[in-house]
Structures are given as C-alpha cells and as structure tokens.
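The next block holds one structure in the form of structure tokens; read it before the comments.
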2 protein chains.
Amino acid sequence: MQVDELSRTFAALADPTRRALLAQLAHGSAAVGELAKPFDMSFAAVSKHLRVLENAGLVSRGRDAQYRPASLDARPLRAAAAWIDDYQQFWSDSFDALDDHLATLTDKEKQ
Amino acid sequence: MQVDELSRTFAALADPTRRALLAQLAHGSAAVGELAKPFDMSFAAVSKHLRVLENAGLVSRGRDAQYRPASLDARPLRAAAAWIDDYQQFWSDSFDALDDHLATLTDKEKQ
DNA sequence: TTGGTATAGAACTTATTGGTTGAATATAGA
DNA sequence: TCTATATTCAACCAATAAGTTCTATACCAA
C-alpha cells in the first residue's frame, strides 16, 4: 500500500457505493449477499469494495458458516473528522455566514 | 466528471499533497510557485493538483499579474464533515469502548 | 518589441481503480 | 460423499490518476 491511514480513509469514502455499504452496516453486520442486493453489480465487485473498506480499517470481516459477515468499524473516521474540523473556522467564520447561507439555498435550488 | 460533490470532495482529500496544499492555503492565498516549494515535484504537477481541488470546489483561482493565486474555499468540507458526523456514535458510544479496546488487542495479535 | 517569469496545456508513461466473467474454495446439509 | 450456497480469486479490460517533459500563453518591464 505505502499510503497513510488518512489517505486510505478518504479514498475509501470517495466512492458512493462504499459510502452506501457503510450506511447499511450502520444498521448492523451483514453478509456480502445481503449487502449486494441494492446494487446493480456483481457480488465480486461488492466483495472488492468491502476489501477496500477493510484495508482502510472501516470494516472487519467474520465467519458465520458460509457467510463472511462484515461489520462497521468507525474508528478511522475519527481522524478524518478531526482533520476536517481544523478547517471549520473557514466555513463558519461569521463573515462567511451569509455566503454559506446563500450557498445552501443555491444548493437546494439545484435539487 | 459525472460524480457527485461528496465523492469529489473525499477524492480530493485522499491525496496527501492536496491536503498539504489546503493546509498552506489556510494561512492565506498563494500562487503556484509559492505553493510548489515544499514539494519535490514539478510546477505542472502542483498545478494539476490545484485543478483537482478547484473541481472539488475547495479552492478558487484568481489573477494577479502573471500569478494565478489560489485561495481556500472550505465550504465543501461542511458536507463532508456532516456525512462523517453521522457515524460519530459508532466511535464514541460508551458501550462500544470495550469492544473497540478488545478489537484493538485482537488486531495487534494478528500482526 | 523583446525578453523574463509564472502558469497552463498537450502528449506521453505507468500504476491504480472499478468493473466483468469464470473457476476455486469453504461450509452446511441430505 | 455429493450438492447447493456464499464468497473469493484470477485474469482481464477500460478509464482515470499522478507524474513527467516540452511547448504555449499571459503578463510585466526594459
């Protein structure tokens, strides 16, 4: 790998399929077959995404008969949140508040 | 691009060079030449990284004579922080603390 | 207008990513 | 032991990413 923990965490989060997998796992452990259902892609592809999440430390795998249940491990997110929080002042400074508010409104219009 | 805002944000943050660029910009706008100094890479490479950050909405560019100063725009980080914060309970719940501790020990045994 | 400096663009290389399909492995159950 | 189910592995492909070098552009200043 050769790349630092924080980079692996952000890279893992950069894919919407993987974020959706984490969201599912937030409701509890699940096996690959269960996790793959919402996605229009092969089990093998989901298995690969789980491997990426595992390498980022965001999920751990177990064994239950034929199943390899995945479970969420959110700890790496703490460092990611800490990194981002260092920039909070740059979006929450009072002189930015109006800009932020307007941007929020604009974003909502786009949807 | 074809990829959502949050994915672009996380992807932009997944590279340590780009995170370092943002850290520099937190101290104020700077031109490419200035930003490139700490890195052992060509100006063109830094310019490309800035383009990625720009496409993620994290920096905006200006013009000052020959210079193209970049400045930080942290607003996309707010959505990223919000996404991560949904998982905060999974690393801070008191009833998870023991689990976490045990998992850490188990991981260490594996190595 | 000529030259110097800052930056971006274009073309290229190499490595990685995200997907596929088909074979292999692990486990449960008859 | 045989078979079905769940998952991973291996090989492959196309697209993207991260870097390079060289060229082009934009601006200032003499």
Side-chain angles (χ1 to χ4, degrees), chain A residues 1-25 28-72, chain B residues 1-22 24-25 28-72 110:
Chain A
M1 278 289 173
Q2 192 73 328
V3 47
D4 62 285
E5 180 73 14
L6 200 48
S7 296
R8 264 198 303 266
T9 302
F10 282 131
L13 298 181
D15 186 284
T17 300
R18 288 194 290 265
R19 290 198 304 279
L21 288 171
L22 293 178
Q24 283 193 73
L25 292 174
S29 300
V32 178
E34 194 66 26
L35 291 168
K37 277 184 188 165
F39 303 106
D40 184 22
M41 87 182 50
S42 66
F43 283 22
V46 172
S47 184
K48 276 191 179 185
H49 280 302
L50 284 173
R51 170 68 64 102
V52 173
L53 291 168
E54 195 178 1
N55 288 338
L58 287 164
V59 315
S60 55
R61 310 297 304 274
R63 166 70 78 181
D64 175 14
Q66 317 79 320
Y67 307 91
R68 302 286 317 278
S71 57
L72 179 63
Chain B
M1 274 290 171
Q2 190 75 326
V3 46
D4 62 284
E5 180 73 15
L6 200 48
S7 296
R8 265 198 301 269
T9 302
F10 282 130
L13 298 181
D15 186 286
T17 300
R18 288 195 290 264
R19 290 198 305 276
L21 287 171
L22 293 177
Q24 283 192 74
L25 292 174
S29 300
V32 179
E34 194 65 26
L35 291 168
K37 277 184 187 165
F39 303 107
D40 184 22
M41 91 183 42
S42 66
F43 283 23
V46 172
S47 184
K48 277 193 180 184
H49 280 301
L50 284 172
R51 169 66 65 103
V52 173
L53 291 168
E54 195 178 0
N55 287 338
L58 288 163
V59 315
S60 55
R61 310 296 304 274
R63 167 71 77 181
D64 174 14
Q66 315 81 318
Y67 306 92
R68 303 288 316 279
S71 57
L72 179 64
K110 284 182 192 160

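The sequence lines fix the lettering, A, B, ..., with proteins before strands; numbering per chain opens at 1.
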Among the nucleotides D:dC28, C:dG18, D:dA18, whichever has the atom closest to the side chain of A:D15 is C:dG18
Using whole Å, what does the distance between atom P of nucleotide C:dT25 and atom CZ of A:F43 come to? 21 Å
Comparing A:D64 and A:T17 on DNA chain C - which has the more 5′ nearest nucleotide: A:T17
Pairwise side-chain contact, B:S47 with B:R68, heavy-atom cut-off 4.5 Å (strictly under): no
Go through D:dT8, C:dG18, D:dT20 for me and flag the one nearest to the A:R61 side chain. D:dT8
Side-chain contact test, heavy atoms from C-beta onward, threshold under 4.5 Å: evaluate it for A:V59 versus A:H49 and give yes or no. no
Out of C:dT27, D:dT7, C:dT7, minimum distance to the side chain of B:A31 belongs to C:dT7
Can any side-chain N or O of A:R18 pair as donor or acceptor with the backbone N or O of A:L13 at less than 3.5 Å? no
Can you check the B:F10 CZ to C:dT17 P distance for me, whole Å? 18 Å
Checking D:dT5, C:dG19, D:dC27 against the side chain of A:Q66 (C-beta onward), the nearest is D:dT5
Hey, does the side chain of B:D4 reach the backbone of B:S7 with a donor-acceptor pair shorter than 3.5 angstrom? yes
What is the separation between atom CZ on A:R63 and atom P on D:dT5, rounded to the nearest whole Å? 17 Å
Regarding A:A44, tell me which of base, sugar-phosphate or nothing describes its non-hydrogen contacts under 4.0 Å with the strands shown. base
Nearest to the side chain of A:S47, which nucleotide is it out of C:dA28, D:dT8, C:dG19? D:dT8
Report yes if some heavy atom in the side chain of A:T9 is under 4.5 Å from a heavy atom in the side chain of A:E5; otherwise report no. yes
For B:L53 and D:dA17, give me the distance from atom CG to atom P, rounded to whole Å. 13 Å
I need the NZ-P distance between A:K48 and D:dA10, as an integer number of Å. 11 Å
Below the 4.0 Å mark, does C:dT20 have OP1 or OP2 next to a side-chain nitrogen or oxygen of A:S42? yes
Using whole Å, what does the distance between atom P of nucleotide C:dT7 and atom CZ of B:R51 come to? 15 Å
What is the distance from CZ of B:R68 to P of C:dG9, rounded to the nearest Å? 8 Å
Pick the nucleotide of DNA chain C nearest each of A:R18 and B:Y67; which residue has the one closer to the 5' end? B:Y67
Report the distance from atom CG of B:D40 to atom P of D:dG19, rounded to the nearest whole Å. 11 Å
